[in-house]
Every structure is written in structure tokens, then in C-alpha cells.
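Below you'll find the structure, written out as C-alpha cells, and then a few comments.
Throughout, numbering of the chain's residues begins at 1 and tracks the sequence. A quick note: this is a predicted structure, and the numbers were derived from the prediction, not measured.
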Amino acid sequence: MMLLLVVGSVLVACTDSPAAESPSVDGSDGADLEADGTDEDGGSSDDAATTTTEVAPLDPTEIPGEPINQYSLAVRDCFDQIEDRRDGQPVTITTRLPCDEPHHLQVYAILDYPAGHPTPYPGDETIRNFAVRSCYREFVPWVGTDYETSELDIGVIIPNRENFEDDAARYRGIHCWVRRVDGEAMIGTSEGSGW
């Protein structure tokens, strides 16, 4: 049985407006280190902790697809999200791609968090839990198979406090997206795929 992927909960702030969290996967699993700072063989992890690698910023002209604000994605849009650093801060670049080209993510539903203005922001965890439950219910009608037997995972894009409470934005949107469990690219749409 697969577990529901909730990467939408640990997302980095995007510089696009409205600014909010965007789906990403943390590449470090920390599995090699014990709680006391030693590696699994008992050695010190100080060397690993002090080693840094300089990574050149991504060149936007070399990123496949059309750069887009993640909140502009529509149902059926296929897209990728690439982690980058700008001015020392992590950012996520979202690019929309044709679904007949390799891509990793696809939006399958857009929902609204049920709270009118001027409701205060209920918190990341509350919105995330609502989003995951709601997106789970939308999965079978989209893919055509149960989530538990599917080859796909679910992720979410949720609003942040600023956009939720802003008088002009009042953004309550939740994007539900899927990706392959094995991390491989998809070609074609996940709609009715039975994946």
C-alpha cells in the first residue's frame, strides 16, 4: 500500500505573485546521520556538515517549458518544478510543458478552501490537511483507478498567509497534482490513464 505524498506541505516560497508555497522534494533524506551527529558507522559528521558545494544559478534559457506562476496553472496542465537559489534563497521555478513531452507533474483539480473574506488564515497544517483529503477524493475520477493501487502520488499547492488574508488577492485556491511514484517523467496525460 502506498502512502499519500504530502510534499505540498514543505514547499519553498516562490517569487511569483501571488507568492506562496510550491511543491518540491527535499533532496536530502538525512538517513546517513544519527541523532547525535555521527554517521551510521559511528564516525563524526562534521566533515559532511562543513562541506559546501557552489551551484551556479540556472540559466532560464536552458529550462524546458514556459516559465509560469504556479497559481496560473490550470486543470490538465503538465509542468515541472525546478529548485534553484537566488541571492542565497531557495526558489522554485515552475514551467508548463506540453503533455506529449516528458514532464513530472500534472494538475488534475483546482479547489477552493471554504472560507470567505475576512476569515483569518487557519494555518499551513489546517489548509494542507484539507487539501490532501480533498485532492484524494478527486483522484479516482481523474485517473480511473484507486490511489492505493496507482502508480501515481498526490501533491498539493496551497495558499500562504499573505495571499489568503490580502484584501486584494483573497486567494483560497488549492491545486491538486500527480506524479509517478518512481519519479520518472510522464509522457501523455494522467487523465483516465489508470496509472
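- Applying the disulfide (SG to SG under 2.5 Å) test to every pair with at least one member in residues 95-126, sequence neighbours left out, gives these pairs: Cys78-Cys99.
- A donor and an acceptor atom, one from each side chain of Ser190 and Trp142, are located under 3.5 Å apart.
- Ion pairing of Arg180 with Glu184 is absent here, as no side-chain N (NZ or NE/NH1/NH2) approaches a carboxylate O to less than 4.0 Å.
- Annotation: the span from Gln106 atom CD to Leu73 atom CG amounts to 10.5 Å, rounded to 0.5 Å.
- The two residues Ser193 and Thr189 make their nearest non-hydrogen contact at CB-O, 3.9 Å.
- For the pair Trp195/Met186, a side-chain contact is recorded, criterion being any heavy-atom separation below 4.5 Å from C-beta on.
- Side-chain atoms of Arg172 come within 3.5 Å of backbone atoms of Phe164 as a donor-acceptor pair (strictly under, hydrogens ignored).
- In this structure, Cys135 and Trp177 have side chains that are not in contact, with every pair of non-hydrogen atoms separated by 4.5 Å or more.
- Judged purely by distance below 3.5 Å, without hydrogens or angles, the side chains of Asp80 and His104 pair a donor atom with an acceptor atom.
- Taking the ring centroids of Phe130 and Tyr113, they lie under the 6.0 Å cut-off.
- For the side-chain contact (heavy atoms from CB on, under 4.5 Å) test with Leu152, the passing option among Val178, Val181, Thr145 is Val178; the others fail.
- Looking at Thr94, Thr92, Thr95 one by one, the single match for side-chain hydrogen bond (donor to acceptor under 3.5 Å, both in side chains) with Gln81 turns out to be Thr94.
- The shortest side-chain heavy-atom distance between Arg86 and Ile93 falls under the 4.5 Å cut-off.
- Of all the heavy atoms in Pro102 and Leu97, the pair that sits closest is O-CD1, 3.7 Å.
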* side chain to side chain donor-acceptor pair (under 3.5 Å) evaluation trace for Tyr147 with Asp153 -> CA-CA 8 Å; Tyr147 171 77; Asp153 270 337; 3.0 Å; yes
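- In this structure, the side chain of Glu165 engages the main chain of Tyr121 through a donor-acceptor pair within 3.5 Å.
- The NE2 atom of His175 sits 10.0 Å away from the CG atom of Leu111 when rounded to the nearest 0.5 Å.
- Among residues at least two apart or in separate chains, salt bridge (Lys or Arg N to Asp or Glu O under 4.0 Å) pairs with a member in residues 66-76 are Glu66-Arg96, Arg76-Glu191.
- The shortest distance between side-chain heavy atoms of His103 and Phe79 does not fall below 4.5 Å.
- Ile187 and Val107 sit in two unconnected hydrophobic clusters of ILVMFWY residues. Membership requires side-chain heavy atoms under 4.5 Å apart, directly or through other members.
- Within the model, atoms CG of Asp77 and OH of Tyr108 stand 15.0 Å from one another, a figure rounded to the nearest 0.5 Å.
- With contacts defined as side-chain heavy-atom distances shorter than 4.5 Å, the pair Ile110/Cys176 does not qualify.
- A donor-acceptor pair under 3.5 Å links the side-chain atoms of Asn160 to the main chain of Asn163, judged by distance alone.
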